[in-house]
Amino acid sequence: IAVGSFTQFAGGPAAGIARLLSGGGLDTSFAANAAGATGFTAASGQTATSSVNALVLQPDGKIVAGGLFGFYNGATAQDIVRLSTDGSFDFSFATGNGITNTVTALSLQADGKVIVAGAFSNVSGTRRGGLVRFTSSGTLDPSFGTSFAAGAPATANAINTIVPAADGSLFIGNLGRLEFIDRVTGGLTLLENITATPALLSLPFGGLFNPGATTYILSVVAAGPGELTYQWKRDGIALTDQIGDVTGTKTNGLTFQNAQ
């Protein structure tokens, strides 16, 4: 199976993906390479050429593909999709609204979960950037997370290699600079088993204070095993909800009311 930004193979349809027979010819029984197939095509408004940048083959023969595209054989597939063994769209891998921006690397875990890297900052409507994990059914795994400082790496710096270690840690490789909340790395980075403890995916953020506004909200994005709990503190002292003043002290969003 070959992937890339091509549209044909030996004169046959092969937009982004081509499955070849043992003799090197195009396998026209594969859905993306059948007569009239459109394969991977750009999303509406996408100016860059669509491409498939990464592929993993599951033990059952299904194929997970990621890249920069909006459709597969006419069906919506926002930058990630799973194909059945015959190349047809596997709708049981349901990623919702998919990924916003390019997928650059994929890795398959033994339990069927898929690790996805790229230059994205939003996954199925959730603010997540750079490196995420999907369950075998395509839902976003909230127990997995990294702490990129800016939400997502630039396309040129995005992770292009993911190698899982036996203990659940990850070796990731990229060109350029990766900015995490607590460090700056690049080239080759070891991420220790980041499912073991909760992790902040973004520092508290909010809009600029508007003197005319009545509320001001700070929020964080975090991930970790199980159900997360939150506690906002000021100078190390736990805050408590004060009606008409501060609310959300035990949630991921802290709201100041009657701010001035």
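Atom set for the values below is all heavy atoms of this structure, side chains included, hydrogens, waters and symmetry mates excluded. Here, residue 1 is the first one in the sequence, and each next residue gets the next number.
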Asker: Verify, without hydrogens or angle tests, whether N73 (side chain) and T38 (backbone) share a donor-acceptor contact under 3.5 angstrom.
Answerer: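 Flag set: sc N73 to bb T38 pair under 3.5 Å.
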Asker: Are R133 and V116 close enough that some pair of their side-chain heavy atoms sits under 4.5 Å apart?
Answerer: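 No, every pair of side-chain atoms sits at 4.5 Å or beyond.
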Asker: Do you know which two heavy atoms are closest between A43 and Q78, and how far apart they sit?
Answerer: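 Taking A43 first and Q78 second, the nearest heavy atoms are CB-OE1, 4.2 Å.
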Asker: Report yes if some heavy atom in the side chain of V163 is under 4.5 Å from a heavy atom in the side chain of L170; otherwise report no.
Answerer: no
Asker: Given side-chain contact (heavy atoms from CB on, under 4.5 Å), test Q109 with I115 step by step and report yes or no.
Answerer: CA-CA 8 Å; Q109 294 187 174; I115 302 171; 3.4 Å; yes
Asker: How far apart are the closest heavy atoms of I162 and A117, and which atoms are they?
Answerer: CD1-CB, 3.8 Å
Asker: Are the side chains of L20 and L26 in touch, meaning some heavy atoms are under 4.5 Å apart?
Answerer: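 Heavy-atom side-chain distance check passes, below 4.5 Å.
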Asker: What I want to check is whether the side chains of S124 and N97 have a donor and an acceptor closer together than 3.5 Å.
Answerer: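 Not at all, the side chains of S124 and N97 share no donor-acceptor pair under 3.5 Å.
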Asker: Any chance the side chains of T104 and T102 put a donor and an acceptor closer than 3.5 Å?
Answerer: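 Looking only at side-chain atoms, T102 and T104 do not form any donor-acceptor pair under 3.5 Å.
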Asker: Applying a strict under-4.5 Å side-chain criterion to I, L, V, M, F, W and Y, I'd like to know whether L83 and L55 cluster together.
Answerer: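 Per the 4.5 Å side-chain linkage, L83 and L55 are co-clustered.
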Asker: Identify which one of L57, V103, I80, L108 satisfies the side chain to side chain contact (heavy atoms under 4.5 Å, CB included) criterion when paired with V64.
Answerer: I80
Asker: To the nearest 0.5 Å, tell me how far D141 CG sits from K113 NZ.
Answerer: 4.0 Å
Asker: Do V3 and L106 share a hydrophobic cluster (ILVMFWY, side-chain heavy atoms under 4.5 Å, transitive)?
Answerer: no
Asker: Does a donor on one side chain and an acceptor on the other come within less than 3.5 Å for D86 and S84?
Answerer: no
Asker: By the definition ring pair (Phe, Tyr, Trp, His ring centres under 6.0 Å), identify the one residue from F40, F93, F91 that meets it with Y72.
Answerer: F40
Asker: Quick one: which of I217, L239, T247 gives a side chain to side chain contact (heavy atoms under 4.5 Å, CB included) with L254?
Answerer: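 With L254 as partner, side chain to side chain contact (heavy atoms under 4.5 Å, CB included) holds for just one option, L239.
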Asker: Quick one: pull up OG1 in T161 and CG in L175 and give me the separation to the nearest 0.5 Å.
Answerer: 8.5 Å
Asker: Is a side-chain N or O of R82 found less than 3.5 angstrom from the main chain of S136, in a donor-acceptor match?
Answerer: yes
Asker: If you round to the nearest 0.5 Å, how far is CG of L68 from OG1 of T49?
Answerer: 9.0 Å
Asker: Before you tell me yes or no, could you show the steps for N33 and T28 under side-chain hydrogen bond (donor to acceptor under 3.5 Å, both in side chains), namely the whole-Å CA-CA distance, both residues' side-chain angles and the distance that decides it to 0.1 Å?
Answerer: CA-CA 5 Å; N33 307 140; T28 56; over 6 Å; no
Asker: Between Q242 and T240, do the side chains contain an N or O donor and an N or O acceptor separated by less than 3.5 Å?
Answerer: yes
Asker: Please say yes or no: joined through hydrophobic side-chain contacts below 4.5 Å, possibly via intermediate residues, are V56 and I99 part of one cluster?
Answerer: yes
Asker: Would you say that I63 contacts Q58 through its side chain, given a criterion of any heavy-atom pair below 4.5 Å between the two side chains?
Answerer: no
Asker: Considering only heavy atoms from C-beta outward, does the side chain of F134 approach that of T139 to under 4.5 Å?
Answerer: no
Asker: Taking all non-hydrogen atoms of both residues, which atom of F256 and which atom of L218 are closest, and how far apart?
Answerer: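 Looking at all heavy atoms of both residues, the shortest contact is CE1-CD1, 4.1 Å.
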Asker: Would you say V81 and I17 are hydrophobically clustered, going by side-chain heavy atoms of ILVMFWY under 4.5 Å?
Answerer: yes
Asker: Starting from F30, can I reach F69 by hopping between I/L/V/M/F/W/Y residues whose side chains sit under 4.5 Å apart?
Answerer: yes
Asker: Going from CD1 on I172 to CG on L188, what distance comes out if it is rounded to the nearest 0.5 angstrom?
Answerer: 8.5 Å
Asker: Would you say D79's side chain and G66's backbone share a donor-acceptor pair under 3.5 angstrom?
Answerer: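 A pair under 3.5 Å: no.
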Asker: Of all the heavy-atom pairs spanning F171 and A165, show the shortest one and how long it is.
Answerer: CE1-CB, 4.3 Å
Asker: So, the side chain of N252 versus the backbone of V220: is there a donor-acceptor pair under 3.5 Å, distance only?
Answerer: yes
Asker: Identify the heavy atoms of Y230 and T251 that sit nearest to each other, and give their distance.
Answerer: CB-O, 3.3 Å
Asker: List the atom of G118, the atom of A158, and the distance in Å for their closest heavy-atom pair.
Answerer: C-CB, 3.8 Å
Asker: Would you sort out whether V246 and T255 count as a side-chain contact (heavy atoms from CB on, under 4.5 Å), showing the intermediate values?
Answerer: CA-CA 6 Å; V246 178; T255 299; over 6 Å; no
